[in-house]
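Right, one structure below, let's go through it.
In what follows, every heavy atom counts, from backbone to side chain, and hydrogens, waters and symmetry copies are set aside. The first residue of the sequence shown is numbered 1, and numbering continues consecutively from there.
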Amino acid sequence: MNKTLLATLLLSAIFSSTSFAAEQSTIETATYSPSEPLVLTPVVTEENDASLVEEAPKFDDTMHYFVGLTGGMADMSFSLVHATSAADKLSPSSPDASGFAGADIGFYTAGGKGRIYYSYQKMSGESEFDNKKIADTDVTLHLLSADYFFRADKAINPFVGAHVGYMTAETTSEKYGSYKQSNPVLGIQAGVAWRISDHFTTEIGARHTASQRKEQTDWAGSEGKDIVYPNTQSDLKSITTFYMSANYRF
């Protein structure tokens, strides 16, 4: 009798425990079963958030024409010799640095990394002897230049370039008469440009232009050993300019 009662109580306890466990499992399942699909949200950091990465400004990727005005100082390497005999020669100094002015017209390549342009420049200088003016030299340059810009997507752009062209120079003296020199030239330039807006830029730079004249000709036209006195010779060897420019880009 006691064994039967003990077995009945044990079975009741096991059944109650099983029912409680099943009920708890049902409650937990109901608790963790979401009513909406689970969406994972990534952690946002400075490294993976594209909105936090500042994009560099992009230069216009199309070709644009431009015009500009330029001016500054010009230093000429110029020699002038006047001889009344083989032993009596007078050699005035090279002209002092003087002002010059000019104009540019050309185009910027796509992306703003380069430009090609034509330049017209006009300048003059005075040669002195014993602190007295003895000759005037007027120079005109026609140049075709090409420049390469560094940091084209920034507001400030250093650049380097080269040019070829043609030079005409006329030296006039009240004592010796006048002489015209014309010949090809080659040179280089470098500077820094500042892009103020989409249309306006300014720049400062230096340009060295060397004459490609092979032989020096006497003013009187004498050649070789048949020198006619009085005899005058002149030679414009090179021009170095320091300039500022203002450009308008279409």
Side-chain angles (χ1 to χ4, degrees), residues 70-106 116-130 132-147 160-191 205-243 245:
T70 184
M73 299 296 295
D75 186 16
M76 303 180 189
S77 176
F78 177 77
S79 65
L80 175 63
V81 178
H82 178 74
T84 56
S85 66
D88 186 11
K89 295 183 179 181
L90 180 149
S91 182
S93 62
S94 290
D96 294 332
S98 59
F100 84 95
D104 304 322
I105 183 170
I116 298 174
Y117 56 102
Y118 161 78
S119 297
Y120 171 85
Q121 298 179 2
K122 187 77 174 179
M123 59 200 69
S124 62
E126 296 181 354
S127 297
E128 296 183 349
F129 184 76
D130 289 340
K132 294 181 180 180
K133 185 178 76 171
I134 200 169
D136 290 313
T137 301
D138 296 320
V139 182
T140 302
L141 292 175
H142 302 273
L143 307 176
L144 181 62
S145 303
D147 294 334
V160 295
H163 60 268
V164 298
Y166 199 77
M167 173 185 71
T168 59
E170 182 176 8
T171 302
T172 304
S173 173
E174 293 182 358
K175 292 184 177 181
Y176 314 134
S178 63
Y179 177 76
K180 290 185 178 181
Q181 172 185 342
S182 58
N183 53 264
V185 294
L186 292 174
I188 57 174
Q189 65 267 359
R207 179 181 285 110
H208 182 75
T209 303
S211 169
Q212 301 304 297
R213 186 182 188 186
K214 296 181 179 180
E215 297 180 358
Q216 181 170 300
T217 305
D218 301 332
W219 286 24
S222 57
E223 299 179 358
K225 297 180 180 180
D226 300 328
I227 299 176
V228 178
Y229 295 102
N231 178 266
T232 304
Q233 295 180 337
S234 66
D235 188 18
L236 180 54
K237 300 176 181 178
S238 64
I239 302 172
T240 301
T241 59
F242 302 92
Y243 68 90
S245 297

Worksheet item: Any side-chain heavy atom of K237 within less than 4.5 Å of one from F78?
Response: no
Discussion item. Within the 4.5 Å heavy-atom criterion, are T168 and K180 side-chain neighbours or not?
Written reply: no
Worksheet item: Would you say the side chain of T209 lies within less than 4.5 Å of the side chain of L186, judging by non-hydrogen atoms?
Response: no
Worksheet item: Can you tell me how far CG of D104 sits from OG of S245, rounded to the nearest 0.5 angstrom?
Response: 5.5 Å
Discussion item. I'd like to know if the side chain of E170 reaches the main chain of Y179, judged simply by a donor and an acceptor atom lying under 3.5 Å from each other, with no hydrogens or angles considered.
Written reply: no
Practice prompt. Say whether Q181 and N183, considering side chains only, have a donor N or O and an acceptor N or O under 3.5 Å apart.
Written response: yes
Worksheet item: With D136, which residues qualify under salt bridge (Lys or Arg N to Asp or Glu O under 4.0 Å), at least two apart?
Response: K133
Worksheet item: Could you state the interatomic distance from OG1 (T70) to CZ (R207), rounded to the nearest 0.5 Å?
Response: 6.5 Å
Worksheet item: Quick one: does T241's side chain have a donor or acceptor within less than 3.5 Å of a partner on Y243's backbone?
Response: no
Fill in: Partner set under side-chain contact (heavy atoms from CB on, under 4.5 Å) for S124, not counting sequence neighbours
D138
Item to complete: Would you give the length of the straight line joining atom CG of L236 to atom OG of S182, rounded to the nearest 0.5 angstrom?
Response: 11.5 Å
Worksheet item: What residues form a salt bridge (Lys or Arg N to Asp or Glu O under 4.0 Å) with K122, not counting sequence neighbours?
Response: none
Discussion item. Any side-chain to backbone donor/acceptor pair from S173 onto I134? Under 3.5 Å, distance only.
Written reply: yes
Item to complete: Working to the nearest 0.5 Å, report the span between CD of Q212 and OG of S238.
Response: 11.0 Å
Worksheet item: Does the pair H142 and Y120 meet the rule for a side-chain hydrogen bond (donor to acceptor under 3.5 Å, both in side chains), with working shown?
Response: CA-CA 5 Å; H142 302 273; Y120 171 85; over 6 Å; no
Worksheet item: Any luck finding a side-chain donor-acceptor pair between H163 and S119 under 3.5 Å?
Response: no
